[in-house]
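Heads up: the structure comes next, in C-alpha cells.
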Amino acid sequence: MSQRRFARSLAIRHLVCGSCNGCELEMNALAAPQYDISQEGWSIVASPRHADLITVTGPMTEAMRLAARRTLEATAEPVVVVAVGDCASGEGTWCGAGSAGAGAGQELKASIVVRGCPPTPDALREGLRAAATLLDERNS
Ligand code: SF4
C-alpha cells in the first residue's frame, strides 16, 4: 500500500550545463503556489545520491561535462534523465556555438525531452509525470 502511495514521489537533482537561466526560471515556477510540485510528492534535492531523476538544461559546457557525468554516475539506478528545453535537447540556439556542446540531454542520454525555449511549467510538469511513469516501469 505505502509502496503504491509513494511510487510517484520524485527526488529531483537539477543540473545547469550552460543554460541562459530561462529554463531555470520556469522550473522555479513549479515550486510556486500555482503549481506547487510538493503536492505531487516531488522535491528538488542537493545530492545525486538522494535523487531518482536528473533534470538538465543547457547545451553542455566544457566546464560542466565531467561534473555532469560524475553526477549521473553517483545517482542510484534506475535513474531517469530529463532534458529541459531546446538547448538540452540539442536543438537550441547555443548548441555547437563556441565551446558549447550538442545538448546536455543528448550527452547524458536523456529518456524524456521537454521542448521549448523555455518550456512552460505545464510542459515541465507533464515531462516529470512521464519520468515518474518511466521510473515506475523500471522499478517493477
Ligand atoms: S532552451 Fe532557451 S531558455 Fe532554455 S537555456 Fe536554452 S536558450 Fe535559455
Side-chain angles (χ1 to χ4, degrees):
M1 174 67 177
S2 61
Q3 196 172 6
R4 203 174 335 128
R5 179 171 294 174
F6 293 112
R8 293 297 175 97
S9 70
L10 287 177
I12 303 162
R13 175 76 176 101
H14 182 62
L15 280 180
V16 184
C17 297
S19 163
C20 73
N21 273 358
C23 286
E24 276 66 33
L25 286 174
E26 300 305 321
M27 285 202 62
N28 287 346
L30 290 178
Q34 186 179 357
Y35 294 95
D36 196 4
I37 58 171
S38 65
Q39 290 192 27
E40 307 230 19
W42 301 347
S43 59
I44 308 287
V45 295
S47 168
R49 298 196 190 283
H50 302 159
D52 307 302
L53 179 153
I54 292 176
T55 52
V56 65
T57 55
M60 182 63 85
T61 56
E62 204 55 51
M64 275 304 292
R65 187 166 282 121
L66 182 59
R69 293 209 173 280
R70 285 186 175 160
T71 298
L72 186 56
E73 286 166 12
T75 311
E77 290 287 343
V79 58
V80 169
V81 177
V82 179
V84 172
D86 285 355
C87 288
S89 77
E91 305 289 335
T93 308
W94 310 112
C95 292
S99 64
Q106 292 272 337
E107 294 198 19
L108 297 180
K109 302 196 178 355
S111 306
I112 308 278
V113 175
V114 184
R115 292 291 308 272
C117 180
T120 63
D122 283 319
L124 287 168
R125 189 166 53 184
E126 286 313 305
L128 292 173
R129 283 181 179 151
T133 302
L134 190 56
L135 271 170
D136 280 355
E137 290 167 8
R138 291 183 181 176
N139 274 317
S140 59

Exercise. Less than 4.5 Å apart, any side-chain heavy atom of Ile44 and any of Thr55?
Worked result: no
Seminar exercise, completed: Residues Ala104 and Cys17: closest non-hydrogen pair is CB-CB, 3.9 Å
For this session: Report the distance from atom CE of Met60 to atom SG of Cys87, rounding to the nearest 0.5 Å.
Result: 12.5 Å
Would you be so kind as to tabulate the donor-acceptor pairs closer than 3.5 Å made by side chains of residues 21-38, with sequence neighbours excluded?
| residue | atom | partner | partner atom | Å |
| --- | --- | --- | --- | --- |
| Glu24 | OE1 | Ser19 | OG | 2.6 |
| Glu24 | OE2 | His14 | NE2 | 2.7 |
| Glu24 | OE2 | Thr57 | OG1 | 2.5 |
| Asp36 | OD1 | Ser38 | OG | 2.6 |
| Asp36 | OD2 | Gln39 | NE2 | 3.1 |

Seminar exercise, completed: For Ala123 and Pro119 the tightest heavy-atom approach is CB-CB, 4.4 Å
For this session: State, to 0.1 Å, how close Val82 and Ala110 come at their nearest heavy-atom pair, and which atoms those are.
Result: C-CB, 4.4 Å
For this session: Say whether Val79 and Val56 are linked into one hydrophobic cluster, either directly or through other cluster members, by side-chain heavy-atom distances under 4.5 angstrom.
Result: yes
Exercise. Can you hop from Val16 to Val113 via hydrophobic side chains spaced under 4.5 Å?
Worked result: no
Problem set entry | Shortest non-hydrogen contact between Ile112 and Gly127, atoms and distance | CG2-O, 3.8 Å
Exercise. How would you list, by chain and number, every residue that makes a side chain to side chain contact (heavy atoms under 4.5 Å, CB included) with Ser111, sequence neighbours excluded?
Worked result: Val80, Leu134, Arg138
Problem set entry | Distance-minimising heavy-atom pair for Ala83 and Ser89 | CB-N, 4.3 Å
Exercise. Does any pair with a residue in residues 42-64 pass salt bridge (Lys or Arg N to Asp or Glu O under 4.0 Å), and if so which ones, sequence neighbours excluded?
Worked result: Glu62-Arg65
Exercise. Looking at CG of Leu10 and OG of Ser43, how far apart are the two atoms once the value is rounded to the nearest 0.5 Å?
Worked result: 8.5 Å
For this session: Output every pair passing salt bridge (Lys or Arg N to Asp or Glu O under 4.0 Å) with a member in residues 84-100, not counting sequence neighbours, ordered by first then second residue.
Result: Asp86-Arg115
Exercise. Same hydrophobic cluster for Val84 and Leu135, using side-chain heavy-atom links shorter than 4.5 Å among ILVMFWY?
Worked result: yes
List, one per line, each side-chain donor-acceptor pair under 3.5 Å for residues 69-77, sequence neighbours excluded.
| residue | atom | partner | partner atom | Å |
| --- | --- | --- | --- | --- |
| Arg69 | NH2 | Glu107 | O | 3.3 |
| Thr71 | OG1 | Ala67 | O | 2.8 |
| Thr75 | OG1 | Thr71 | O | 2.8 |

Exercise. Mind checking whether Val81 and Leu128 sit in one hydrophobic cluster, side chains of I, L, V, M, F, W, Y counted as touching below 4.5 Å?
Worked result: no
Problem set entry | salt bridge (Lys or Arg N to Asp or Glu O under 4.0 Å) contacts touching residues 120-131 (sequence neighbours left out) | Glu40-Arg129, Asp122-Arg125, Glu126-Arg129
